[in-house]
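One structure is given below, encoded as structure tokens.
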Amino acid sequence: MVDKLIIFDTTLRDGEQSPGASMTKEEKIRIARQLERMKVDVIEAGFAASSNGDFDAIHAIASQVKDSVVCSLARANDKDIMRAAAALKPAGQFRIHTFIATSALHMEKKLRMTPGQVYEQAQRAVRFARNFTNDIEFSPEDGSRSDINFLCRVLEIVIAEGATTINIPDTVGYAVPDGYAALIQKIREQVPNSDKAIFSVHCHNDLGMAVANSLAAVKLSGARQIECTVNGLGERAGNTSLEEVVMAVKTRRDYFRLEVGIDTTQIMPTSKLVSQTTGFIVQPNKAVVGANAFAHTSGIHQDGVLKARDTYEIMRAEDVGWSANKIVLGKLSGRNAFKQRLQELGVALNSEAELNSAFGHFKELADQKAEIFDEDILSILSQEAKSAHDHETYRFVSLSQHSETGERPCARVVFIVNNSETIGEAHGNGPVDATLHAIESQVNSGAELILYSVNAITTGTQAQGEVTVRLSKSGRIVNGVGTDLDIVTASAKAYFAALNKLNSNTERLNPQCS
Ligand code: KIV
Ligand code: ZN
């Protein structure tokens, strides 16, 4: 009998806690549906008590997702737990994930509670959650830095109260693989009723060891759930990366001897969707989903791969959903071909109107670009989803700019502000700088630009450019993404997307800051 490894995805909760990664309800629904298509076992859809927006997003996901368990985070108090249960109510199968910090440092400095109070609150929270579901996960926050004896006492009582999954977070990414595995082993040995719960790992990547720590605990101490995010998205250095743990367990089945239910061919589409939605681009040398992950450029490697793929390839690109930049559609492709390709990509649009609008944008792009790839189609759909649902104070109309060697570039941007047309003009150090100054000459946002990056969606000089702009204002950080064949236009679109986010009120409470 081979054990199953449960994949618990927290892209929409812990991933979303990264500065600038916050998503709209529609974006979260789209990602949740893609996670379901990838056959993730549990989707942590958010933290219901953090904001009305997050509550609505979890509620909508719980109504639409049928094949994965939908989960909400809740602090260990009645109010949060009731909010989680209410948001999750429409789901076929749901889980409440409640947590409280157990390390001396967090209890004393953050919670200002005694260990006795924390123990009681954990017990009460799980008992209360049992009124709503039998599927309860409990996390002792900062578990990897908690006193083992106290930790074991808390875990024993929450299991006795009905917690079915015990998750041990390495909240600050401090653990090392054998130490983390040994901690989980000790807990399983020391807690008398540990056999009544599934043990789970939740690692942060501050020292670059999140994946190694998670896999060590799975291999050496019987943890059977990994909490992870797509592309390793998450606060600071991120969380355990879903694609890396899944492909490690699949590729080294001889070593791990575990089953994972993930449809790995959905890994790339999910990775692209998450990066295009959040503006967190994937580094080229990132394992599994980086642009270079399957590129053999050295002569010796190319020669080997041509003779026999397994000389240098341990995984096949197509098994993780790389479409190898196949030309899929062109200028002459009709609406039916477009619709069929969407179906093949697993994209379901909600209405004929959405299909018509996406097809219109596809045609516009096909007029300018001979070869349309899957990545282009996914990017059209991301932009569609944004413009259909974002609160838009600003809308880009057109751009003209001039740059010439030896001259200071200038730009003129036409855009709509609250239904009236506005024109901004400015010079700058380069065409992008001039364009952003032209926008700011009218908007005066007072925001600070803290990141600007350009990425090509596909290969070649015909590729669309994808620009990410990160703005910060009054402690709030947002990302805006824009795509276009012209990277200066993409920059203007990204800048407006970020300004629109700054203007929309989607403030969320961070569960770990309170
Ligand atoms: O890192 C952490 O401790 C968490 C918990 C809330 C599970 O994300
Ligand atoms: Zn976390």
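The structure presented is a predicted model; accordingly, all values stated were derived computationally and were not measured. Counting starts at 1 for both ligands and their atoms, in listed order.
When each atom of ligand 1 is checked for a heavy atom of Asp14 under 4.0 Å away, the hits are 8 (O). The distance from ligand 1 to the heavy atoms of Pro169 drops below 4.0 Å at these ligand atoms: 2 (C), 3 (O). Atoms of ligand 1 lying under 4.0 Å from any heavy atom of Glu141, numbered from 1 in the order shown and given with element: 3 (O).
In terms of heavy atoms, Gln512 sits closest to Lys110 at O-NZ, 3.2 Å.
Comparing Arg75, His204, Arg13 against atom 1 (O) of ligand 1, the shortest heavy-atom distance belongs to His204.
Within 6.0 Å of NZ in Lys250 there are more than 12 heavy atoms belonging to other residues, nucleotides or ligands. With a 6.0 Å radius and a threshold of 12 heavy atoms from other residues, nucleotides or ligands, Lys79 has its NZ atom at or below the threshold. Heavy atoms from other residues, nucleotides or ligands lying under 6.0 Å from OH of Tyr174 number 12 at most. By the neighbour-count criterion of 12 heavy atoms within 6.0 Å, atom CD1 of Ile198 is sparsely surrounded, having that number or fewer from other residues, nucleotides or ligands.
Here the N, O or S atom of Asp14 that is nearest to the Zn ion (ligand 2) is OD2.
Contacts with ligand 1 closer than 4.0 Å are made by heavy atoms of both the backbone and the side chain of Thr171. Heavy atoms of Gln512 found under 4.0 angstrom from ligand 1 belong exclusively to the side chain.
In this structure, Arg224 is not positioned above the aromatic face of Phe199 in the sense of NZ or CZ being under 6.0 Å from the six-membered ring centre and within 45° of the axis. Remark: Lys89 fails to qualify as a cation-pi partner of Phe94 under the 6.0 Å distance and 45° angle criteria applied to the six-membered ring.
At a 4.0 Å cut-off, at least one heavy atom of His97 sits close enough to ligand 1 to count as contact. Note on ligand 1: Gln17 sits outside its first shell, no heavy atom being nearer than 4.0 Å.
Rounding to the nearest 10°, we obtain 100° for the angle at the Zn ion (ligand 2) between His204 NE2 and His202 NE2.
The shortest N or O to N or O distance between Ser139 and ligand 1 is not below 3.5 Å.
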Inset, instruction - Could you walk me through whether Asp319 and Thr264 pass the side chain to side chain donor-acceptor pair (under 3.5 Å) test, one step at a time? - result: CA-CA 6 Å; Asp319 291 346; Thr264 61; 5.9 Å; no

